[in-house]
Peer 1: 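Let me begin by handing over the structure; questions about it come next.
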Amino acid sequence: MTVDEQVKGYLSETDKKKFTITIGILGAAFLILQFVLPFVFMFVFMFGSAFTTLQSFEAFKPDKAAIYKDQLWFLSETESFRPKPGNTTKLYSWDQASPEPVPAIDIAANNPWLFADKDKLWIISPSYLAYIENDELIELELDRNLGNISNPFLYKGSPAVIEFLPSEIVVKALINNTWQRQANLTLWNSSQFDYLAKNIRVITDDNTIHFFYESSGSLFYINKPISSRNFDVVDWEPVLETDNCWFTFLWEGEPQVFYADYAKRKINGARLQGKKLEDFFSFDSFAVSEIGVYPLAGSDGFIMLYSSYPGSVRIIKVSASEIANDFRFGKGFPFPKGFTFIMFIPQILSLLVPFILAFIFTALMRKHRTEEFYFQDKHAFYAPLFKRALAQLIDGFILVFPLGLGWSMAMVPLFDMDKFADPSQLFMFSGFTIMALGIIWAIGGLFLFSYLEGKWGITPGKKILCIRVLGIDLQPCGFGRALVRNLLKFIDGFFSFMVGVLIVALSENWQRVGDMAARTIVVDTKRRFIP
């Protein structure tokens, strides 16, 4: 069949009709598929994975821990949504010689406190009372539930709490395993029981009971003789301006306050000297939600716990003001480890669909279309669409690899909440720097590839796949036309090059928009080629 007898690049009118209808149907179907498939995947896998993960979520309680028998004991609360809603409280223990904490026991209590005396580790909540002795959990029966309570503290040798009742506030001590009234308490603004219970903390020594109370960004303090039967606590002394993230305890006979300084991104430790707090410890921190600090018996050290978000807790052992141990326990990212990879699969799928379409179109074009291009006494074979797609993938990888690397480095901290909140981590900033350099690399590569195409018709991808870019006169097209051709990839590249694939399949000379504007074609050098 001669060129004149061909129907504008098709073997026959029938082939043109069949091919055009088939390409139109497939193009529309794959275009829809390109949009639908990632969303289906996201719904089935990403949302399914997130939903599975969020069926239960473990939150640690740094401010409700205790040191018992030289071990750190702390709590976590797991909130379950399916299949049976409810909360589970788990008790962890950490031997300082062990690499990480281990779960010790499940507790049938909602948001309890831990309190250690000489003999027992107490687990205390308004409706639950138990203790651990010789690694055994002993649960006690309450004659009645308590109201809202403060943190437990030692009162005249017994565990005690402040109970906030509708009509009064009282100190109750645990005597013979029952809660017994010991003293009355009068507090400023004592009608707001829920707020008071959450924002007051009590510590004691042999002679004094110390009260700390946070309100409106200020920490107040007052102390009273422990022998009193009525504590009139209304004349608070402001000792610190702080956000609602602080912890106080008794160490070496003096009240200590640890607090988060969000402006300076630190956790500070301060000793109460008279009516003033004087800092003696500082630790860099970047996203603190809860703090707990617990002195080690018979040493000048303590263990500090803090959480930046509910899924993890950081445990720091300090000895003689030096960090002796520092590690994080729990998750750095609330979703499963594979979730970070799953997030990129929809993008991979959106790129895969045009490649599948290019492969199908290649077979159809060989069946229905003429593959030779003629110019005067010269002729060449068009490059198969699938080869062009693979060459574009190789060239695109070379051009955008530094940009993708920088983007990945910038996004890595997003999957570790502590690192994301830590400005000293250079991953993100290094990533943005590499991204900036990657943009320069991509622009430089665009000009270099245009020069190579203009002079020899090749790029690395085209060289590997044995295809070339030529002018419609089957001669090198020159730098200017090659640059125009490459700049217009921004149009052909719409919808992950679906536009380019469809236009090449339907155009007379197997050209995309860039080829039409630059008057170029792409030929296969492995087949008989007569320039």
Peer 1: Can Arg314 be said to sit on top of Tyr306's aromatic six-ring, NZ or CZ under 6.0 Å from centre and within 45° of the ring axis?
Peer 2: no
Peer 1: Just how far is it from atom CD1 of Ile394 to atom NZ of Lys463, taken to the nearest 0.5 Å?
Peer 2: 13.5 Å
Peer 1: Does one side chain, of Ser218 or Glu241, offer a donor that lies under 3.5 Å from an acceptor on the other?
Peer 2: yes
Peer 1: Distance-only check: which donor-acceptor pairs under 3.5 Å involve side-chain atoms of residues 16-24, not counting sequence neighbours?
Peer 2:
{"from": "Thr20", "atom 1": "OG1", "to": "Lys16", "atom 2": "O", "distance (Å)": "2.6"}
{"from": "Thr22", "atom 1": "OG1", "to": "Lys18", "atom 2": "O", "distance (Å)": "2.7"}

Peer 1: Is there side-chain contact between Asn325 and Ile315, with heavy atoms separated by less than 4.5 Å?
Peer 2: no
Peer 1: Examine distances only and state if a side-chain atom of Asp524 and a backbone atom of Lys526 form a donor-acceptor pair shorter than 3.5 Å.
Peer 2: yes
Peer 1: Hey, does Ile398 have a side-chain heavy atom less than 4.5 Å from the side chain of Pro460?
Peer 2: yes
Peer 1: Below 30° counts as parallel, above 60° as perpendicular, anything between as tilted: where do the rings of Phe281 and Phe283 land?
Peer 2: parallel
Peer 1: Less than 3.5 Å apart, any donor N or O on the side chain of Asn148 or Lys198 sitting next to an acceptor on the other?
Peer 2: no
Peer 1: Should we count CZ of Phe359 as having more than 12 external heavy atoms under 6.0 Å?
Peer 2: no
Peer 1: So Phe447 and Phe479, would you call those rings parallel, tilted or perpendicular, with 30° and 60° as cut-offs?
Peer 2: parallel
Peer 1: For Thr248, check side-chain hydrogen bond (donor to acceptor under 3.5 Å, both in side chains) against everything at least two apart and list the hits.
Peer 2: none
Peer 1: Excluding sequence neighbours, so at least two apart, what forms side-chain hydrogen bond (donor to acceptor under 3.5 Å, both in side chains) with Asp63?
Peer 2: none
Peer 1: Parallel, tilted or perpendicular: which describes the rings of Phe258 and Phe249, with under 30° parallel and over 60° perpendicular?
Peer 2: tilted
